[in-house]
Amino acid sequence: MSAIRVRFAPSPTGYLHVGGARTALFNWLLARKTGGTFILRIEDTDVERSTQESVDAILQGMEWLGLDWDEGPFFQSSNFPLYKQYVQQLLDDGKAYRCYCTVEELDAKREQAMKEGRKPKYDGTCRDRDTAPVDRPFVVRFRAPHEGATSFDDQIKGVISFPNEELDDLIIQRSDGTPTYNFCVVIDDAIMKITTVIRGDDHVNNTPRQVQLYEALGFPVPQFAHVPMILGSDKARLSKRHGATSVIAYRDMGFLPEALTNYLVRLGWSHGDDEIFSREEMVAKFDIANVGRSASVFSPDKLLWLNAHYIKTGDPQRLAELLTPFLKERGVDPAAGGPALASAITTLQERARTMIEMADAALFYYIAPVTYDEAGMAKFGQEHLLAVYSAVITKLATSTAATAAEYDLLFKEICTEQSWKMPQVGQPVRIALSGSTQAPGIGEIIATLGREETLQRMEDARRFVAGRS
RNA sequence: GUCCCCUUCGUCUAGCCCGGUCAGGACACCGCCCUUUCACGGCGGCGACACCGGUUCAAAUCCGGUAGGGGACGCCA
């Protein structure tokens with residue numbers, strides 16, 4: 001184990017979204033690459049908004065993506081006594097003070113400052129008060145320095161410096177006695193000995209305050225790496241308006257976890273011209289130094305392409321397991337009869353971009369067609385169709401062919417014998433067997449369906465065509 | 001408003017640190033080929049250094065400014 005310790009610290013106020021997932025992935029990657037430790041911490045200091053459902057959803061998302069953690073999950077809510085202790089320490093040292101200003105007063109001041117074009121920061125009313133009113137609720141504020149500047153060397157963005165006069169005395173403890181986020185992160189990261197804080201760059205502005213807190217508390221300041229935002233197609237912050245943002249929603253839409261992680265890792269990070277990364281390659285090649293500084297737009301198209309790639313190259317047996325729930329949703333239980341699912345999948349891997357597409361395309365293997373593509377049929381005369389079906393049935397019944405290639409050969413023979421062109425035979429048969437004009441190769445279908453079922457479907461189709469004069 | 005950050009094809013990006021490439025790759029799109037439908041695949045095309053100055057023989061690359069975009073400014077995280 002190296003000394004590297006990183007953490008992913010989501011707040012349980014919703015599901016795991018793709019932005020959070022990417023942050024988690026980068027943290028995980030750094031830990032795995034360096035042999036360090038990846039910690040999962042739930043930031044639930046906002047008791048009002050935190051829910052158990054969200055916690056479950058986040059864990060589920062992490063597990064689906066294969067982002068396993070070494071320590072945790074820890075909950076900030078179980079650390080409240082610890083935070084109180086540090087608040088007291090700051091109070092004792094004179095580095096924090098009680099503030100009796102009310103929310104209403106603060107709001108009014110903020111509004112006023114905004115109107116006058118000033119920075120809406122706390123005016124310091126209670127910073128130097130010597131008399132403490134009794135029996136009045138108070139918050140605890142950090143006594144921030146007014147002079148100088150606070151800076152840190154971000155691993156992604158470089159040196160970032162803030163004039164201290166821009167920073168006000170932030171609240172570290174609410175009037176109900178609970179600690180606030182900016183205080184808790186510092187304590188937790190320090191206690192957990194986090195060496196590198198990788199998080200979204202919407203936290204850049206919080207960082208100088210946190211650095212001041214580390215220093216006031218006498219803790220070493222960790223390294224920071226602020227990852228740029230993920231935007232929607234209109235360059236606005238990614239939200240539900242742009243489509244799904246939940247990791248689990250992508251699973252339900254038929255995406256493979258390796259496709260999502262591959263997509264996410266390339267969003268903001270690159271390794272030369274490489275696009276496809278196995279889990280191992282990602283771990284080996286990941287480097288924070290190669291994370292870009294600018295925000296990036298989420299592209300469903302590229303995700304789809306990657307998903308298609310992983311479906312194409314995936315193990316049919318594993319895909320079968322992943323596909324089964326989608327088939328069951330469609331009323332098919334592949335274990336209850338019909339072709340072996342893995343065999344069916346082999347014929348569909350190049351034709352499906354998602355598990356949903358694959359499930360839809362696989363349906364005909366388990367449910368014989370009840371209707372036939374009319375437009376497709378209409379291209380051929382009734383006489384021709386009957387001739388084709390009869391020829392195929394006869395040929396098939398006496399053949400010993402068993403593989404897709406052998407069946408394909410059979411059709412070539414039929415074409416030669418009857419002086420038909422391949423499309424004149426292939427299309428009618430495809431419709432007979434699948435009901436549709438868009439399906440795998442004839443040989444593949446027959447090999448998957450089996451001779452018996454194929455003959456059955458051919459007879460059905462012949463009867464159907466014969467019956468409509 | 002103030003502060004912080006960002007800016008290469010429509011999108012993700014390589015190149016930038018250590019100036020000299022026809023500014024490369026991928027997705028999408030278009031065309032051609034393959035073909036038993038649909039796909040897969042192969043080949044080709046379209047397409048970018050935000051802008052203005054400066055330094056230099058030479059700038060996507062170094063410096064300054066402008067514009068645009070994003071973020072933060074909470075008793076949210």
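Each chain gets a letter, A, B and so on, in the order its sequence line appears, and its residues count up from 1.
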- Rounded distance (Å) that lies between atom C1' of B:C5 and atom NE2 of A:His203: 15 Å
- Query: Can you check the A:Leu304 CG to B:A28 C1' distance for me, whole Å?
  - Reply: 11 Å
- Classify the side chain of A:Asn206 and the base of B:A77 as holding, or not holding, a donor-acceptor pair under 3.5 Å. yes
- Message: Can you tell me how the ring of A:Phe286 sits relative to the ring of A:Phe26, calling it parallel under 30°, perpendicular over 60° and tilted otherwise?
- Response: tilted
- So which nucleotide does B:C73 pair with, by the Watson-Crick or G-U wobble rule with both distances under 3.5 Å? B:G1
- Determine the contact category for A:Cys101: base if any of its heavy atoms lies under 4.0 Å from a base atom, sugar-phosphate if only primed atoms, P, OP1 or OP2 are that close, otherwise nothing. base
- How would you label the contact of A:Arg237 with the nucleic acid (heavy atoms, under 4.0 Å): base, sugar-phosphate, or nothing? sugar-phosphate
- Task: Quickly work out the A:Phe8 CZ to B:A77 C1' distance and round it to whole Å.
- Result: 12 Å
- Query: What is the distance from CD1 of A:Ile230 to P of B:G70, rounded to the nearest Å?
  - Reply: 17 Å
- Check the distance between B:G71's C1' and A:Asp154's CG and give it to me in whole angstrom. 14 Å
- Message: I'd like to know if the side chain of A:Arg237 reaches the main chain of A:Ile230, judged simply by a donor and an acceptor atom lying under 3.5 Å from each other, with no hydrogens or angles considered.
- Response: no
- Would you mind classifying the nucleic acid contact of A:Thr45 as base, sugar-phosphate or nothing, using non-hydrogen atoms under 4.0 angstrom? sugar-phosphate
- Task: Would you indicate what A:Lys121 reaches in the nucleic acid, counting non-hydrogen atoms under 4.0 angstrom: base, sugar-phosphate, or nothing?
- Result: nothing
Pairs under 3.5 angstrom only: tabulate donor-acceptor contacts from the side chains of residues 418-432 of chain A to other protein residues two or more places apart or in another chain.
unit_1: A:Gln424; atom_1: OE1; unit_2: A:Lys421; atom_2: N; d: 2.7
unit_1: A:Gln427; atom_1: OE1; unit_2: A:Arg430; atom_2: NE; d: 2.9
unit_1: A:Arg430; atom_1: NH1; unit_2: A:Pro440; atom_2: O; d: 2.9

- Message: So does A:Pro163 get a backbone contact from the side chain of A:Glu166, meaning a donor-acceptor N/O pair under 3.5 Å?
- Response: no
- Message: Using a distance-only criterion (donor-acceptor N/O pair, under 3.5 Å, no hydrogens), is the base of B:C6 paired with the side chain of A:Arg293?
- Response: no
- Message: Under 4.0 Å, heavy atoms only, any strand: does A:His271 hit a base, just the sugar-phosphate, or nothing?
- Response: nothing
- Note on the structure: Comparing A:Ile156 with A:Met229, nearest RNA chain B nucleotide closer to 5' gives the residue A:Ile156
- Query: Can you list the residues that meet the side chain to side chain donor-acceptor pair (under 3.5 Å) rule with A:Thr207, with sequence neighbours excluded?
  - Reply: A:Arg199, A:His226
- Message: Can you identify which nucleotide, out of B:A77, B:A26, B:U37, has its nearest atom closest to the A:Glu43 side chain?
- Response: B:A77
- Message: Taking B:C40 as the reference, what is the distance to B:G31 when you measure between their P atoms (whole Å, please)?
- Response: 15 Å
- Message: Under a 3.5 Å cut-off for both contacts, is B:C43 paired Watson-Crick or G-U wobble with anything, and if yes, with which nucleotide?
- Response: B:G31
- Side chain A:Asp169, main chain A:Arg143, donor-acceptor under 3.5 Å: no
Strictly under 3.5 Å: I want the nitrogen or oxygen pairs between protein and nucleotides 10-13 of chain B, one per line.
unit_1: B:U11; atom_1: OP1; unit_2: A:Lys235; atom_2: NZ; d: 2.9
unit_1: B:C12; atom_1: OP1; unit_2: A:Val297; atom_2: N; d: 2.8
unit_1: B:C12; atom_1: O2'; unit_2: A:Arg266; atom_2: O; d: 3.0
unit_1: B:C12; atom_1: O2; unit_2: A:Lys302; atom_2: NZ; d: 3.4
unit_1: B:U13; atom_1: OP1; unit_2: A:Gly268; atom_2: N; d: 2.3
unit_1: B:U13; atom_1: OP1; unit_2: A:Ser296; atom_2: OG; d: 3.3
unit_1: B:U13; atom_1: O3'; unit_2: A:Ser270; atom_2: OG; d: 3.2

- So, does the side chain of A:Thr180 form a donor-acceptor pair with the base of B:C75 at under 3.5 Å? no
- Which base sits across from B:C62 as a Watson-Crick or G-U pair, both distances under 3.5 Å? B:G54
- Message: Please report the distance, rounded to the nearest Å, between CZ in A:Arg49 and P in B:C75.
- Response: 13 Å
- Query: Taking a pair as Watson-Crick or G-U wobble with both distances under 3.5 Å, which nucleotide is matched to B:C18?
  - Reply: none
- Item | Donor-acceptor under 3.5 Å (A:Thr261 side chain, A:Pro257 main chain) | yes
- Message: For B:C38, give the paired nucleotide (Watson-Crick: N1-N3 plus N6-O4 or O6-N4; G-U: N1-O2 and O6-N3; both under 3.5 Å), or none.
- Response: none
- Shortest side-chain distance from A:Asp301, nucleotide among B:A77, B:G74, B:C27: B:C27
- P spacing across the pair B:U7 / B:C17, given as an integer number of angstrom: 15 Å
- Which is true for A:Pro208 with a 4.0 Å heavy-atom rule: it touches a base, it touches only sugar-phosphate, or it touches nothing? nothing
- Query: Whole-Å distance between B:A26 C1' and A:Asn307 CG?
  - Reply: 17 Å
Please write out the pairs of protein N or O atoms and N or O atoms of nucleotides 1-4 of chain B separated by less than 3.5 Å, giving the distance to one decimal.
unit_1: B:G1; atom_1: O2'; unit_2: A:Gly117; atom_2: O; d: 2.6
unit_1: B:U2; atom_1: O2'; unit_2: A:Glu166; atom_2: OE1; d: 3.2
unit_1: B:U2; atom_1: O2'; unit_2: A:Glu166; atom_2: OE2; d: 3.4
unit_1: B:U2; atom_1: O2; unit_2: A:Lys119; atom_2: NZ; d: 3.4
unit_1: B:C3; atom_1: O4'; unit_2: A:Glu166; atom_2: OE1; d: 3.4

- Measure the acute angle between the ring planes of A:Phe464 and A:Tyr372, then classify it against the limits of 30° and 60° as parallel, tilted or perpendicular. tilted
- State whether A:Tyr100 and A:Arg136 meet the cation-pi test: NZ (Lys) or CZ (Arg) under 6.0 Å from the six-membered ring centroid, and within 45° of the perpendicular axis. no
- Query: B:U61 and B:G15: how far apart are their C1' atoms, nearest whole angstrom?
  - Reply: 9 Å
- Item | Contacts of type side chain to side chain donor-acceptor pair (under 3.5 Å), residue A:His17, not counting sequence neighbours | none
- Message: Without decimals, in angstroms, what is the distance between A:Ile442 CD1 and B:A39 P?
- Response: 16 Å
- Note on the structure: Any strand, both distances under 3.5 Å, Watson-Crick or G-U wobble: B:A67 pairs with B:U7
- Note on the structure: Residue set satisfying side chain to side chain donor-acceptor pair (under 3.5 Å) with A:Thr347, at least two apart, ordered chain then number -> A:Tyr365
- Please confirm whether A:His203 and A:Tyr181 have ring centers closer than 6.0 angstrom. yes
- Item | Syn-anti status, with the boundary at 90° from 0, for the nucleotide B:C38 | anti
- Message: Taking only the C1' atom of each, what is the distance from B:A59 to B:G19 in whole angstrom?
- Response: 6 Å
